[in-house]
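Counting from 1, the numbers follow the sequence of the chain as shown.
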Amino acid sequence: MAMRPDQLASGLLEAAPDAIVGVSADGVIVIVNAQAERLFGYPRNELLGERLEMLVPESAREIHPHHRLGYVADPSPRPMGGGMELSGRRRDGTDFPAEISLSAIETGEGIVISAAVRDVTDRKRAEEKFRGVLEAATDAIVGVNAHGVIVLVNAQAERLFGYPRDELLDQRLETLVPESAQLRQQDYRDGYVADEKPQPMGAGMELSGRRRDGTDFPAEISMSAIQTEDGIVVAAAIRDVSERSRAEEKLRGVLEAATDAIVGVNAAGVIVLVNAQAERLFGYPRDELLDQRLETLVPESALLRQQDYRDGYVAGERPQPMGAGMELAGRRRDGTDFPAEISMSAIQTEEGIVVAAAIRDVSERKNIEQQLREKNAELEKVARAKDTFLASMSHELRTPLNAILGFTGTLLMQLPGPLNVEQMRQLRTVEHSGKHLLAIINDLLDLAKIESGAVELVLERVDCTDVVESVTSSLRPLAIDKGLEFKVSLPDRFVFVQSDTRALGQILINLVSNAIKFTDAGYVHVSLDVGPDGDAPTIAVSDSGPGIAADQMDRIFNAFERAGVVAARGKEGTGLGLYISHKLAELVGAEVTVDTSFGVGSTFSVVLSSAP
């Protein structure tokens, strides 16, 4: 059986999700559905025939009849109180925020105004919470609808742009955009509405905002979509990046002023930063390098190693030279490679870590280093030839010289027969000159051995007392012949060290010989002392000779150097004695020191290693 129209209307009324209240033109309630009973807390019979104002808070009762009469004059379906906060009152006296839609029904008794009433308490709470989040946001938030009209503004946006909220709401978004960027901004918004995914706006482009006072500022903008009952609202989070832009500009200035090429790459190895020096070094214009792989600038042979360096550095993030001790290279646009020195440091950016590499072309330095290596090889070759020559000539000269000295000694002993006074004098001159020449040859031979590293040492347990006695006994006659007081002081016990007997004896011979040679009057004193704990024995050779001037002190241990006063007095010598003593001391772990007073005398000391 077909349902009557009045039954169908009644069924639809009861099935409606909203509370439905119908009132006559004079404000009397004539229709109520079950949802209205539940919403307002009244049974239906207590509502029917009553005035509608019983469901309206007292604060709105006076104005409510005027709204109703206005609607009766133009009864088209529409939401009630657009832009106003509407409320209902329940039977228990509590108020609730309401959303009300009106429509007119023509009946036999006249117009009935049907009001669909919805309790929007939960939505208001959510909106309040949303507003709290918006107001607490650190960025300025501006929401626009699909038509570009501003429908949402937070306090940060008021401060950033300098407008009060009521001056921004319902205005076009272009109010906040410089004229030069308005068309681009509109394209961004339209493109975003089509793709509704949260994203930065105009990535890689310079964005700007305009304040109320007409000043522009650089901006970073991120967008997200909010679905509302009025459609999609695009919320833009806007940040003034003036300070960051200044810092970036300063960084760019530093980068451009750098003497090295700077190339910055992200963790994926893509070039994101290039300075002018890098353009000049690699031969690429900047726009051809940006967004390219770093491998563009690296020879094929070094690609794998370079990637390992970069990955390892990103994990460590400490400034360091790249590939220390390894040969690094770069490749120019023309395909030529060059040796490079690379240092890396990490820059933390909002997009992640950027590894900045400072690259220096070391071609010239490598060329100089190669030339130095070649020169050093030549010098080493010359030095070896010199040492070989000295050693060879020393041996060749000593053999006939020893024969001359031997025959001279035989003649002086008058074994072949008697000699007159003049012959004896001349033979002594020959003997003296021969011994001097032999001393020079021996010094040159020792020098050659030391310079070539051919000195053969036998480290053993050496009795220092025995060495001192042996040397002083052989040289004592020279001191006595010159009329010098020659004194030797030894401890009352044995003193042993780990050393080479011949080297230690040679050091002591050189020092005592020098003291006797350069002291014309007075004394030569040789002493062996042991420290209080029995370690670091010291052999000291003191004299009352001319001493050494302060300006000569830094030269006395150099080869072929002789103190000025000694040279001026015409004393024989090669200037090798102290040099050889110093070098031999180093070889056996000892040290030669000097304490001198010009015009008074000197003390040369051999500080030995600890006794074994």
Side-chain angles (χ1 to χ4, degrees), residues 428-429 431-433 435-444 446-447 464-465 467-491 503-529 537-586 590-608:
R428 285 195 180 94
T429 300
E431 184 184 49
H432 175 76
S433 297
K435 288 182 177 179
H436 174 60
L437 182 57
L438 183 60
I440 292 175
I441 292 171
N442 286 335
D443 283 349
L444 289 174
D446 288 339
L447 174 64
C464 295
T465 305
V467 173
V468 172
E469 286 182 335
S470 174
V471 170
T472 55
S473 295
S474 63
L475 296 177
R476 183 185 298 274
L478 294 177
I480 293 172
D481 287 346
K482 291 188 68 174
L484 301 175
E485 178 190 340
F486 192 79
K487 183 179 178 182
V488 180
S489 299
L490 297 173
L504 185 56
Q506 184 65 45
I507 294 169
L508 193 54
I509 288 171
N510 289 341
L511 295 180
V512 176
S513 296
N514 279 351
I516 295 171
K517 182 192 301 183
F518 299 124
T519 302
D520 294 329
Y523 65 88
V524 172
H525 183 194
V526 181
S527 63
L528 173 61
D529 295 310
T538 301
I539 302 174
V541 179
S542 302
D543 63 63
S544 56
I548 303 169
D551 61 352
Q552 302 286 322
M553 287 297 294
D554 59 345
R555 299 166 51 197
I556 61 173
F557 289 111
N558 294 339
F560 305 106
E561 290 282 355
R562 304 179 72 208
V565 65
V566 171
R569 291 182 177 184
K571 298 291 185 180
E572 295 175 343
T574 61
L576 290 173
L578 287 179
Y579 175 76
I580 291 172
S581 298
H582 177 67
K583 288 296 184 181
L584 288 174
E586 286 183 345
E591 181 184 9
V592 177
T593 64
V594 60
D595 182 16
T596 184
S597 296
F598 187 63
V600 176
S602 304
T603 298
F604 284 86
S605 300
V606 184
V607 182
L608 301 166

Spatial distance of atom [atom1] ([X]) from atom [atom2] ([Y]) [nearest 0.5 Å]:
| X | Y | atom1 | atom2 | answer |
| --- | --- | --- | --- | --- |
| Leu608 | Cys464 | CG | SG | 5.0 Å |
| Phe604 | Leu508 | CZ | CG | 13.0 Å |
| Ile539 | Ile507 | CD1 | CD1 | 8.5 Å |
| Asn510 | His582 | CG | NE2 | 13.5 Å |
| Thr596 | Ile556 | OG1 | CD1 | 8.0 Å |
| Asn514 | Ser581 | CG | OG | 7.5 Å |

Where the side chain of [X] meets the backbone of [Y], is there a donor-acceptor pair that is under 3.5 Å apart?
| X | Y | value |
| --- | --- | --- |
| Thr472 | Glu469 | yes |
| Lys482 | Ile516 | yes |
| Ser542 | Thr603 | no |
| Ser544 | Tyr523 | yes |

Quiz item: Can you check side-chain contact (heavy atoms from CB on, under 4.5 Å) on Leu511 and Leu578, steps first, answer last?
Solution: CA-CA 7 Å; Leu511 295 180; Leu578 287 179; 3.7 Å; yes
What pair of heavy atoms forms the shortest contact from [X] to [Y], and how long is it?
| X | Y | answer |
| --- | --- | --- |
| Leu475 | Ser513 | CD1-OG, 3.7 Å |
| Ala585 | Glu591 | CB-N, 4.2 Å |
| Pro546 | Phe518 | CD-O, 3.1 Å |
| Val471 | Ser474 | O-OG, 2.8 Å |
| Pro537 | Leu528 | CB-CD1, 4.5 Å |
| Val488 | His525 | N-CD2, 4.4 Å |

Quiz item: Using a distance-only test with no angle check, is there a side-chain donor-acceptor pair under 3.5 angstrom linking Asp543 and Ser602?
Solution: no
Quiz prompt | Stepwise side-chain contact (heavy atoms from CB on, under 4.5 Å) check, Val594 with Met553 | solution = CA-CA 9 Å; Val594 60; Met553 287 297 294; 3.3 Å; yes
Exercise. Using the side-chain contact (heavy atoms from CB on, under 4.5 Å) rule, take Glu485 and Val524 through it: C-alpha gap first, then chi angles, then the decisive distance, then the call.
Key: CA-CA 6 Å; Glu485 178 190 340; Val524 172; over 6 Å; no
Self-check item: Step-by-step side-chain contact (heavy atoms from CB on, under 4.5 Å) determination, Val512 to Val526
Solution: CA-CA 8 Å; Val512 176; Val526 181; 4.0 Å; yes
